[in-house]
Undergrad: 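Mind looking over this structure? Questions follow.
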Amino acid sequence: AKNHGKGHLAEFNAQLGADSLRRMAMERKLKEAVRRDEFFLNFQPQFDLASRRIVGVEVLLRWQNEELGLVPPGQFIPVAEQSRIILDIGHWVLEQAMVQNLAWARAGLPMLPMAVNLSALQVHQHDLDEQIASLLRQHAYPADRLELELTESVIMDNAIPVRRQLEQLRRSGVRISIDDFGTGYSNLGYLSRFPLDVLKIDRSFVTDIHVRPQQQPIVQSIVQLARAFGLQLVAEGVEREAELDFLADLGVERVQGFLLARPMSAQQMAELLAAQQDL
Ligand code: C2E
Ligand code: CA
Ligand code: CA
Ligand code: CA
């Protein structure tokens, strides 16, 4: 920080202006995107580590826009959250995930739990539980085939109303999963207060775990926590065989990552499920 001259400030302002213009333009396009059918879902299988069979599927949202191309969720979800459009999009994702899984079941494929990511705004709607209950009813979708992925910060923020919602949902049979576990709050008290089913160990702990001894006790502690609270574990972001071996030794049962399968289209997912069924 040597130069605080006017030139830099002008540049900074120009950049800020360009960013907010881009943001506004994206927001405008996002508002149209549901109606224009620009969203679609990708699916990433989760495997049982020991048998390497697919035991679950995470749903990942994709946005294909005429002008912007394929926009990564990391770019458009924050904009969709700021403008609250995420509420419509999130509802669409939940419904499409159910519709897709039912279509697979009708085609004779196994109906595995679908894990759907929820944004903070969705969870803070006072009627999220009713919205989901109504979708389940409307589609006759089995509640225990739906897993909701929330981050720790979503849970901690405004915690009591969120807990009521989650309790209600869980009573109906829906499963609750903590995404990116270990990256959010250091206060773990919520583990005993919230109705939870799954912890997803964040990719940052998994990457190179076999050659990063300082990460190992962290993952070991997460495994112990999960055991103590009777939660299932999923390790995400597994890219190497050596990481997988290490996770197996630590007792992690479910894994997700590019090593075993990348996110894929519905068609590819169906083919993979069919191939597994024929084994
Ligand atoms: P996430 O929930 O942590 O999802 C996992 C992300 O890691 C996905 O990125 C996935 O493609 C990527 N991934 C999976 N395996 C590996 C691996 O082995 N290595 C690496 N490097 N990455 C891996 P994606 O699809 O770009 O999604 C990014 C984030 O966007 C998600 O992170 C989630 O927070 C958000 N997101 C995606 N779909 C939705 C949605 O429907 N609703 C909401 N609210 N958020 C979503
Ligand atoms: Ca997730
Ligand atoms: Ca995650
Ligand atoms: Ca993440």
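Atoms within each ligand, like the ligands themselves, are counted from 1 in listed order.
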Undergrad: Does S177 bring an N, O or S atom to within less than 3.0 Å of the Ca ion (ligand 2)?
TA: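 So S177 does not bind the Ca ion (ligand 2) by this criterion.
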Undergrad: Measure S119 to ligand 1 on non-hydrogen atoms and call it side chain, backbone, both or neither using the 4.0 Å cut-off.
TA: both
Undergrad: Taking the non-hydrogen atoms of E239, is any one of them nearer than 4.0 angstrom to ligand 1?
TA: yes
Undergrad: Determine the interplanar angle of the F76 and F39 rings, folded into 0 to 90°, and report it as parallel if under 30°, tilted if 30 to 60°, perpendicular if over 60°.
TA: tilted
Undergrad: Could you tell me which non-hydrogen atom of E236 sits nearest to which non-hydrogen atom of D202, and how far apart they are?
TA: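 Looking at all heavy atoms of both residues, the shortest contact is OE2-OD1, 3.6 Å.
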Undergrad: What part of V116 sits under 4.0 Å from ligand 1 if we count only heavy atoms: the side chain, the backbone, both or neither?
TA: neither
Undergrad: Does E149 bring an N, O or S atom to under 3.0 Å of the Ca ion (ligand 3)?
TA: no
Undergrad: Does the residue G90 have a heavy-atom contact with ligand 1, meaning some pair of atoms that are separated by less than 4.0 Å?
TA: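 It does not; every heavy atom stays at 4.0 Å or beyond.
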Undergrad: Would you check whether N117 has a nitrogen or oxygen atom less than 3.5 angstrom from a nitrogen or oxygen atom of ligand 1?
TA: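 Looking only at distances, the answer is yes, because the N/O contact criterion of under 3.5 Å is met.
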Undergrad: Strictly under 4.0 Å, does any heavy atom of K200 approach an atom of ligand 1?
TA: no
Undergrad: Between V238 and ligand 1, which part of the residue brings a heavy atom under 4.0 Å of the ligand: side chain, backbone, both or neither?
TA: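 Under 4.0 Å from ligand 1, V238 contributes backbone atoms alone.
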Undergrad: With the Ca ion (ligand 2) as the reference point, give the N/O/S atom of D179 that is nearest.
TA: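 Going through the N, O and S atoms of D179 one by one, OD2 ends up nearest to the Ca ion (ligand 2).
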Undergrad: Any ion pair linking R240 and D208 (charged N to carboxylate O, less than 4.0 Å)?
TA: yes
Undergrad: Would you check whether L61 has a nitrogen or oxygen atom less than 3.5 angstrom from a nitrogen or oxygen atom of ligand 1?
TA: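 Yes; at least one N/O pair falls below 3.5 Å.
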Undergrad: Salt-bridged, R35 to E32, with N to O below 4.0 Å?
TA: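 Yes.
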Undergrad: Which atom name would you report as the N, O or S atom of E58 nearest the Ca ion (ligand 2)?
TA: OE2
Undergrad: For the Ca ion (ligand 3), what is the closest N, O or S atom on E236?
TA: OE2
Undergrad: Select the closest option to atom 17 (C) of ligand 1 among F76, W92, F258, W63, judged by heavy-atom distance.
TA: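 Among F76, W92, F258, W63, the closest heavy atom to atom 17 (C) of ligand 1 belongs to F258.
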Undergrad: For a quick test of reading the model, state the closest non-hydrogen atom pair linking M269 to P45 and the distance between them.
TA: CE-CB, 3.9 Å
Undergrad: Could you say whether the N/O atoms of Q256 and ligand 1 ever approach to under 3.5 Å?
TA: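 The answer is no, given that Q256 and ligand 1 share no N or O pair closer than 3.5 Å.
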Undergrad: Side chain, backbone, both or neither: which part of N42 has a heavy atom under 4.0 Å from ligand 1?
TA: neither
Undergrad: At a 4.0 Å cut-off, with the gap strictly under it, does some heavy atom of E58 reach an atom of ligand 1?
TA: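 E58 counts as a contact of ligand 1 under the 4.0 Å cut-off.
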Undergrad: Could a heavy atom of P72 be found less than 4.0 Å from some atom of ligand 1?
TA: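 It does not, in that no heavy atom of P72 comes within the 4.0 Å cut-off of ligand 1.
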Undergrad: Quick check: closest heavy atoms across L247 and A235, and the distance to 0.1 Å?
TA: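 Smallest interatomic distance, heavy atoms only, reads CD1-CB, 3.7 Å.
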Undergrad: Between V206, D180, V123, I89, flag the one that comes closest to atom 3 (O) of ligand 1 by a heavy atom.
TA: D180
Undergrad: Between the candidates E81, Q75, Q44, which shows the shortest non-hydrogen contact distance to atom 15 (N) of ligand 1?
TA: Q44
Undergrad: Does D180 put an N, O or S atom under 3.0 Å from the Ca ion (ligand 3)?
TA: yes
Undergrad: Tell me whether E66 at atom CD has more than 12 heavy atoms from other residues, nucleotides or ligands lying less than 6.0 Å away.
TA: no
